[in-house]
Amino acid sequence: MAETFFLHGADYNPEQWMKLKDTVWPEDMRRAKEAGVNVLSVGIFSWAFLEPEDGVYDFSWLDEVMDMLHRNGLKAILATPSGSRPPWMAQKYPSVLRMDNERKPYVYGARHNACYSSPDFRRKVTEMNTRLAQRYGNHPALHMWHVSNEYNYDCHCPRCQKAFQEWLKQRYGTIDNLNDSWWNTFWSHRFSGFEQVESPTTPSFLGEWESPNHNLAWRRFCSDHLADFFLLECEPLRKYSPHIPVTANLMHTFPGIDYFELGRRMDTVSWDNYPRWKNDERDRDISAWTDFRHDLMRGTGGQKPFLMMESCPGAVNWDDVNTLPPPGTVLYQSLQAVAHGSDSVQYFQFRAGRGGSEQFHGSILPPDGSTDTRAFREVCDVAAALESIREVCGSVTRNPVALVYDWHVRWALDYAWTAHRFHQKYEETVQSHHAALQRAGYGVDIIDQTSDLSPYKAVIAPMVFLLREGFAERLTAFAREGGLVYLTYMSGYVDEEDLRFVTTPPLEALTGVRTDELDAWDKGRENCFLWQGREWPIHEVAQLCTLKGAEALAVYENQFYKGLPVLTRNPVGKGLCFTLQARVETGCLTAVLGGLLQEHGVEPLVKELPAGVTAAARYGADGTEYLFLQNANREAAVCALPDSWVRLDRTGTAGGEIRLDAFSIAVLKRG
Ligand code: GLA
Ligand code: ZN
């Protein structure tokens with residue numbers, strides 16, 4: 001959804017201050033204006049105040065809050081309160097409580113732990129959301145619906161078992177088909193009816209925990225079940241306020257949900273960003289991880305602008321060591337979000353509570369409401385910066401390089417009995433490729449295996465272990481039409497059902513390489529290869545393969561691998577497919593990917609960025625190009641640019657050499 005100005009705001013919990021509302025609420029409104037805040041997210045954990053007893057609703061205080069926001073020129077992002085429930089609900093309707101993998105029922109407490117199959121919970125949520133939508137759907141302050149909070153799901157209660165069995169019936173049709181798809185003849189595990197299939201007890205050994213296929217099916221079910229629950233929550237919202245967009249706040253690579261699937265059900269994707277900055281050279285890597293997460297979250301929303309729903313204007317309180325971000329960090333992390341496609345900068349939270357587990361979490365205001373604080377000043381700086389780059393809001397990204405990250409691959413690798421069994425490093429490997437592409441000056445779109453490949457010139461798909469239906473064919477067609485494809489070790493090992501192939505694996509024709517053996521090493525064991533006059537170390541994983549049409553661009557140098565291909569190139573129609581058969585450092589990937597892409601005519605945003613500096617671009621509806629240069633170094637850097645750029649975030653032009661302050665982001669516009 002295109003915004004005309006950036007949203008700048010925070011989670012706001014005025015009901016925590018109900019007894020002091022006459023002084024605190026008006027002060028909050030004044031402070032919001034002083035801080036340049038224009039949006040507040042309300043109602044996220046308000047169930048106990050909205051429905052203090054079963055069927056007894058009290059919206060009077062929220063009416064007051066919504067009206068107050070409107071009067072003060074603030075927008076409201078209104079949440080559905082399903083993220084946390086009042087104690088009466090668990091007492092009266094115990095089915096709302098989850099059961100864990102060992103079949104132990106939860107007792108009341110904490111949050112984010114409801115059973116989504118519970119008919120009581122589903123009914124209560126529908127009733128609540130209907131009331132909220134009817135009452136506030138046309139409220140002038142209402143800007144967006146915020147559904148629940150940081151959804152997760154893994155419930156093993158009898159109702160969820162039933163739902164799992166129903167889901168399996170839908171997917172497999174017959175129990176015979178399920179048995180074959182899961183290779184259940186192994187260990188005599190063939191089921192004779194769907195009612196015999198239980199959720200895996202993983203990681204506990206109590207019941208089924210070893211079958212990769214069974215585990216994968218459970219993860220898929222949980223993800224689908226949650227996506228359905230999200231739709232249940234949305235139904236009344238969309239019915240009574242079809243003009244109001246719906247979001248849910250995501251958690252980057254959280255393993256429990258296929259966010260691409262969930263993202264497709266939202267109007268706008270939003271996510272909660274909590275990099276734990278260290279104030280030393282580690283911040284470069286932390287910045288690169290954050291870039292990856294922003295790009296991934298944008299990808300789950302189909303590359304449209306997203307919202308950074310939460311971030312911290314100080315130190316978080318839930319880490320083992322809660323390090324204070326040094327001055328300027330809040331501005332950096334805010335502009336970083338914008339650089340990667342966010343149309344908002346929002347924080348957790350507006351005013352810290354006096355108690356509860358988040359009493360010491362960073363916030364715009366401390367409980368006493370004072371503004372003579374560094375956090376407050378930094379939030380004001382962010383407001384000013386967002387105002388100065390206002391025209392960027394609503395612009396989109398348009399990167400020629402797509403990187404594949406797919407939850408189904410991640411799940412399959414989580415249970416794969418091979419290589420580094422408990423840590424295959426899928427997420428780390430994809431992120432390392434992302435970091436390499438950025439170091440080589442590219443902006444990156446992250447997609448899943450079902451995404452449209454046609455907007456891209458290159459598709460980079462590391463460790464694409466499980467092939468979803470049709471992906472190999474679409475990737476091959478993409479190469480034939482002139483695209484560049486890059487794959488690695490541990491690619492195309494299993495089909496959609498997590499079964500190995502009995503015919504030639506589908507990627508073989510594309511890569512021109514037959515995979516023979518997979519080798520995993522512990523620390524200290526290495527190999528290497530030569531590329532562009534340098535020796536590059538290999539560690540952890542290596543594959544032995546035979547050329548079936550491809551040529552070797554580089555070979556292993558040592559041990560019994562010596563002379564075997566490690567980097568390969570295969571012409572496919574008008575395009576090319578490269579493979580890298582072993583795990584290497586990000587620096588090596590930068591050289592390899594940067595080299596291959598440039599050779600193929602895929603140009604980076606900026607050539608030759610200094611170490612620790614990355615670039616990102618957004619494009620306005622009129623074609624205006626905005627360039628963000630991020631200096632993640634804790635010292636200044638100098639970047640060479642062609643002359644035609646002007647700085648948006650401060651006065652003056654920028655041509656030739658642009659000086660980037662320590663840990664800062666420059667926002668430029670093509671002049
Ligand atoms: C999450 C939650 C918030 C809050 C913050 C604290 O992102 O959504 O409710 O707990 O973490 O960092
Ligand atoms: Zn359940």
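Every number for a ligand or one of its atoms is a count from 1 in the order of the listing.
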Can you check whether D11 has an N/O within less than 3.5 Å of an N/O in ligand 1? no
For [atom], what's the nearest protein heavy atom and its distance?
| atom | answer |
| --- | --- |
| atom 6 (C) of ligand 1 | H361 NE2, 3.2 Å |
| atom 9 (O) of ligand 1 | R111 NH1, 2.9 Å |
| atom 4 (C) of ligand 1 | E358 OE2, 3.2 Å |
| atom 2 (C) of ligand 1 | E310 OE1, 3.4 Å |

Q.
Less than 4.0 angstrom from a charged side-chain N to a carboxylate O is my criterion; do R135 and D63 meet it?
A. yes
| said: Between R374 and E378, does any NZ, NE, NH1 or NH2 come within less than 4.0 Å of an OD or OE carboxylate oxygen? | reply: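 Counted as a salt bridge, because a side-chain N and a carboxylate O are separated by less than 4.0 Å.
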Is it true that the side chains of [X] and [Y] contain a donor and an acceptor less than 3.5 Å apart?
| X | Y | answer |
| --- | --- | --- |
| N273 | S311 | no |
| S199 | Q161 | yes |
| N249 | E150 | no |
| E261 | W407 | no |
| Y332 | S287 | yes |

Residue portion contacting ligand 1 (non-hydrogen atoms closer than 4.0 Å) for [X]:
| X | answer |
| --- | --- |
| I44 | neither |
| H112 | neither |
| Q349 | neither |

Within a distance under 4.0 Å of any heavy atom of [X], pick out the atoms of ligand 1 and give their elements.
| X | result |
| --- | --- |
| E150 | 1 (C), 2 (C), 7 (O), 8 (O) |
| F45 | 9 (O) |
| N149 | 2 (C), 8 (O), 9 (O) |
| D272 | 7 (O), 8 (O) |

- Message: Within rounding of 10°, what is the angle whose vertex is the Zn ion (ligand 2) and whose arms end at SG of C160 and SG of C155?
- Response: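 It is 110°, given to the nearest 10°.
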Which of E310, R293, M309 passes side-chain contact (heavy atoms from CB on, under 4.5 Å) with W271? Answer is R293
Measure from NZ or CZ of R298 to the centre of the six-membered ring of F306, then state whether that distance is under 6.0 Å and the direction lies within 45° of the axis. no
